[in-house]
Protein chains: 2
Amino acid sequence: MKLGQATIKDIARELNLSVSTISRALKDYPGINRETKRKVKEVANKLNYRPNAIALSLRKSRSFTIGVIIPEVVHFFFSTVISGIEEIANSRGYNVILSQSNEKLDREISSLETMLTNQIDGVLVSYSKETKSFDHFTRVMDQGFPIVFFDRAPAIPDAVNVMVDDYQGSFDATAHLISQGYKNIVHLAGPKTLKISIDRENGYKDALEQNGFPVNPAHIISCPLGTLEESQELVSALLASLPRRPDAFFSCNDIGAVGAMMACRDAGLRIPLEVGIVGFSDWQFCAMLEPQLSSVSQPGFMMGTRATEILLDIIEKKLDPKIMEQSLVLETKLMERGSSKRF
Amino acid sequence: MKLGQATIKDIARELNLSVSTISRALKDYPGINRETKRKVKEVANKLNYRPNAIALSLRKSRSFTIGVIIPEVVHFFFSTVISGIEEIANSRGYNVILSQSNEKLDREISSLETMLTNQIDGVLVSYSKETKSFDHFTRVMDQGFPIVFFDRAPAIPDAVNVMVDDYQGSFDATAHLISQGYKNIVHLAGPKTLKISIDRENGYKDALEQNGFPVNPAHIISCPLGTLEESQELVSALLASLPRRPDAFFSCNDIGAVGAMMACRDAGLRIPLEVGIVGFSDWQFCAMLEPQLSSVSQPGFMMGTRATEILLDIIEKKLDPKIMEQSLVLETKLMERGSSKRF
DNA sequence: TTTCCGTGCGCAATCGATTCCAAAACACCA
DNA sequence: TGGTGTTTTGGAATCGATTGCGCACGGAAA
């Protein structure tokens, strides 16, 4: 904040009026002389006056700022969500303050604490992979502080969540692979701390069973890191070890799917002829690969806009979290591309 | 901001002390009885007291918040920069408020205005493609407000900039293509409103000339949109029209390079045998393509950290923008991969 | 007993803007 | 000229925390 910034006092001094008059004139209150208003605005303009939002926040006990806590910004899906959040927040006159936990619990906690200290009006959270207890959230929620969770829904009763239908997305992806004639479908699964991982795994399992395929535990590979190298190595090892070669991979994320793609290519397998691959999230690059990677598209931007709308409605008392629908589930869409289409 | 939040007044009432005593006790000022301090802290804890940063901001005329204005979040490079900004800001006790201009000038202006109203201590800016006049920046800079520009350096004398060496990066990329024996190198150029576009084009031209190749104007293709489709179409058209077929493409961004890659593939050209391709930015997906895309890597995270360090140093008066080095130029690194290596 | 000093604490101003409650200033009528 | 009503403006409290100044109170020295 610049020190030389003009305040209403400066305008008042210049015109020999009281601050109350200035305040009312600037806001076009009735009961102020038309000529006075004109002069006040003229001087305000001349002094380059800008209202001090901090002073307003203090007075109104409202900062018109919402916080966003996410695992990481450098992530196509999350940055898309942020974009949606920004869009709605801005259009409704709110600022967005951002903090990434880097998937660390302690950073998540300190971010929340800092934001509360800064009197934010509410917060949007996608919690970290490390987070197993949600006490730091429930403590502030119990005091009536508005929190909306997105993508990753916590195990908190009465929490307001905005998610995608991970189960159905997974189910669709797996069913698609089955319909393309793949018979030994491996699932690259995410960390069990995240509900989305569990949902995705369940969608995979149910799709298999409902199509008459037994679930083979050896076909569920845990990929806790979620890196390309991890899945590439795991898939390579799998291809070399399993007696009956897998002929399809459904990964819980796109990076893992690319790793599988590379491992298959290294093993000399043709995609999609000999191996089918489907990812999850539909990152930008899916359509750039050769063959193009099939993936479950998540409406990230919409998740951001909807979550923000709900949060702001709660903040502005248009919605009561206690009596509202607790979860909003957005639909996914399977993008069928070259990596999984044999016909 | 929650209404039920405890303040020092509440603590004062509970202990029958004055607010000044509470304030001093909480901050461990000398001259307060040891036992009093203990009790104050105990009650503060019991009431779940959290200091009101807004009140502090008002008093100190410092918000400990910096603003970031970028064209878009959903952009690998920018999100990497944000990550770096966040890192330093957090470690030095500052919040980050974010706003994206979506490459629109009016949004850029209103974002800046809102941030100033919110009394941010300084701002980091990468201006939009639409921005041709920089008056909205110079006006506040002239009042002594700290602004640091990153990636896209404006035509403002005395502005503090943190950029990468776009010229050298381009030069290296083009020289690399030449060294691989490519002889008809086309450049996919960005919008001329951005200094980075011009620098990259100049690097390309100089590398050609210094290696004895004349610059062919027909080999410089303007790609104002920067989309995959745009470059794909332009490159396809080029391949069909030019009498002497281009044998290499150096794109000012990775998306454009992928478009070129697709167009070449559509034309039945083998990469890198018949056509070499190099991009700029080194997005995540470059290493996932087949063949892997060569690209000029920009240190986005470091750009974020360095720009933030400089901004905070200026804010905290450790640096004076008037007497400091105006520009910090970070080095790029050419990632030579399959799309351009014939030998 | 008076003076002096250190300890421990309270009063009140301050940051910028809003807003309730009055109070001037003026016009108009009787 | 006094009363009434309207228009226009000012005073002061308020939001939460900080901080300079000063005031009690106690014990110790004179």
Expressed in angstrom and rounded to an integer, what is the separation of [X] atom [atom1] from [N] atom [atom2]?
{"X": "B/L26", "N": "D/dT18", "atom1": "CG", "atom2": "P", "result": "8 Å"}
{"X": "B/K60", "N": "D/dA17", "atom1": "NZ", "atom2": "C1'", "result": "9 Å"}
{"X": "A/N16", "N": "D/dG11", "atom1": "CG", "atom2": "P", "result": "11 Å"}
{"X": "B/K37", "N": "C/dG8", "atom1": "NZ", "atom2": "C1'", "result": "11 Å"}
{"X": "B/N52", "N": "D/dT14", "atom1": "CG", "atom2": "P", "result": "17 Å"}
{"X": "A/I8", "N": "D/dT9", "atom1": "CD1", "atom2": "P", "result": "16 Å"}
{"X": "B/I32", "N": "D/dT18", "atom1": "CD1", "atom2": "C1'", "result": "13 Å"}
{"X": "B/I22", "N": "C/dC11", "atom1": "CD1", "atom2": "C1'", "result": "15 Å"}

>> Pick the closest DNA chain C nucleotide for A/T7 and for B/V19 by heavy atoms, then say which residue is nearer the 5' end.
In response: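 Per heavy-atom nearest nucleotide, the more 5' residue is B/V19.
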>> In terms of relative ring orientation, are B/F78 and B/H75 parallel, tilted or perpendicular, with 30° and 60° separating the classes?
In response: tilted
> According to the interplanar angle, ranging from 0 to 90°, do the rings of B/F64 and B/Y94 count as parallel (below 30°), tilted (30 to 60°) or perpendicular (above 60°)?
Replying inline: tilted
> Is it the case that A/S111 and A/S99 place a side-chain donor and acceptor less than 3.5 Å from each other?
Replying inline: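 Yes, side-chain donor-acceptor contact under 3.5 Å.
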> Under 3.5 Å, is there a donor-acceptor pair linking the side chains of A/S57 and A/Q119?
Replying inline: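 Per modelled atom types, A/S57 and A/Q119 side chains form no pair under 3.5 Å.
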> Can you find an N or O donor on one side and an acceptor on the other, under 3.5 Å apart, linking the side chain of B/R24 with the base of C/dG10?
Replying inline: yes
> Would you say the base of C/dC11 and the side-chain of B/S20 have a donor-acceptor pair closer than 3.5 Å?
Replying inline: yes
> How is A/R34 classified with respect to the nucleic acid when contacts are heavy atoms under 4.0 Å: base, sugar-phosphate, or nothing?
Replying inline: nothing
